[in-house]
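All of these numbers come straight from a predicted model, not from anything done at the bench. Atoms considered below: every heavy atom in the structure, side chains included; atoms not considered: hydrogens, waters and symmetry mates.
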2 protein chains.
Amino acid sequence: MQPAELDRIFSALADPTRRAILHRLARGEATVNALVAPSGLRQPTVSKHLKILEEAGLVSRGRAAQTRPVRLEPAPLKAAAQWLGDYEAFWNASYDRLEAYLKGEEA
Amino acid sequence: MQPAELDRIFSALADPTRRAILHRLARGEATVNALVAPSGLRQPTVSKHLKILEEAGLVSRGRAAQTRPVRLEPAPLKAAAQWLGDYEAFWNASYDRLEAYLKGEEA
DNA sequence: TAATTATATAGCCTTTTAGCTATATAGATG
DNA sequence: CATCTATATAGCTAAAAGGCTATATAATTA
């Protein structure tokens, strides 16, 4: 995992519109228009958000007639969760795992 | 958790310099200068990053002589991990937990 | 093939971000 | 009290982000 990858993932997740899109997609894939409707934003604006999500690997696009269904791709979410997981020891007050991680990292 | 809070947290985590600072702080608190040294950045630049981390709640500041030691605050990391955790079902191919979450959310 | 529908792209504007230099402030020490 | 050390703040610049309108493209349908 290059840092730039986490940059894009966390940066994509930093926007509430994009998190809302992901939340909606958790219920199943959706067309662009289906995502525009509840957003209060214009279609091109949503398309821009989708591009950012796609570049972060968080969604992928299909093709169905003249529609481009969007679906959630969990891998980057997992990557982000794993990054955060390295700090889990901190909020669990059990430092063993973190220490092990840091020790391995010092190479 | 207001959305703005997650905005600030994810946005703070989107920068590699800031993630590196958190990584360093996982080994224990550090002065500003100790964080500047390996960063390749100027001191005011690092202070700015620290302000962003602080506003996201990810670090807190102490006072020791003319030094302002920085320490890691895990709560926002936990909050971010919990948000991601709602999607865990997706990468675990076990949708039960996610469905339960979404059902609860529809209110 | 013309018209309609769904989506993407171009281009504009304003705000934010990330870096910098210069300078101010707070506390320690000669 | 003068100075030095650590850190913060002000203010600048360039680039990126996030919104918009107008328009282009792709696929469907009359």
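- Going from atom CG of L41(A) over to atom CG of L35(A) covers 11.0 Å, rounded to the nearest 0.5 Å.
- For the pair I21(B) CD1 and dG19(C) C1', the computed distance is 14 Å after rounding to whole Å.
- Between the side chain of R18(A) and the backbone N or O of S11(A) there is at least one donor-acceptor pair closer than 3.5 Å.
- Residue N33(B) has no polar side-chain atom (N or O) positioned under 4.0 Å from OP1 or OP2 of dT5(D).
- Of the side-chain N and O atoms in R18(B), one or more sit less than 4.0 angstrom from OP1 or OP2 of dA18(C).
- Of the candidates dT9(D), dG18(D), dC20(D), dC20(D) carries the atom nearest the L41(A) side chain, counting heavy atoms from C-beta on.
- For the pair K51(B) and dT9(D), the criterion of a side-chain N or O lying under 4.0 Å from OP1 or OP2 is met.
- Distance CG (L50(A)) to P (dG18(D)): 13 Å, rounded to an integer number of Å.
- Between the CD atom of E54(A) and the C1' atom of dT9(C) there is a distance of 14 Å, rounded to whole Å.
- Between R68(B) and dA8(D), a side-chain N or O to OP1/OP2 separation shorter than 4.0 Å is present.
- Residue order along DNA chain C, read from the 5' end via each residue's closest nucleotide, puts K48(B) first among K48(B) and P44(B).
- A straight line from CG of L35(A) to C1' of dA6(C) spans 13 Å, rounded to a whole angstrom.
- Of the possible polar contacts, none joining the R63(A) side chain to the R68(A) backbone as a donor-acceptor pair under 3.5 Å is found.
- Using a 4.0 Å cut-off, no side-chain N or O of S47(A) falls inside it from OP1 or OP2 of dT7(C).
- Here the side chain of R19(B) pairs a donor or acceptor atom with the backbone of L13(B) at under 3.5 angstrom.
- Counting to the nearest Å, the C1' atom of dA26(D) and the CD atom of Q66(A) are 8 Å from each other.
- Atom-to-atom, CG of L53(B) to P of dA8(D) comes out at 12 Å; the value is rounded to the nearest Å.
- The minimum heavy-atom distance between A80(B) and I9(B), with the atom names listed, is CB-CG2, 4.0 Å.
- If you find the closest nucleotide of DNA chain D to H49(A) and to T67(A), the one lying nearer the 5' end belongs to H49(A).
- Residue D15(B) contributes atom CG, which lies 14 Å from atom C1' of dT16(C) at whole-angstrom precision.
- Contact annotation for T31(A): backbone-only contact, meaning every heavy-atom pair under 4.0 Å involves sugar-phosphate atoms and none involves a base.
- Applying the 4.0 Å criterion to OP1 and OP2 of dA8(C), one finds that R61(A) has a side-chain N or O inside that range.
- Look at R63(A) and you'll find a side-chain N or O under 4.0 angstrom from OP1 or OP2 of dA27(D).
- Residue-to-nucleotide contacts include no donor-acceptor pair under 3.5 Å from the side chain of Q43(A) to the base of dA6(C).
- Atom CD in E55(A) sits roughly 12 Å away from atom P in dG18(D) (whole-Å rounding).
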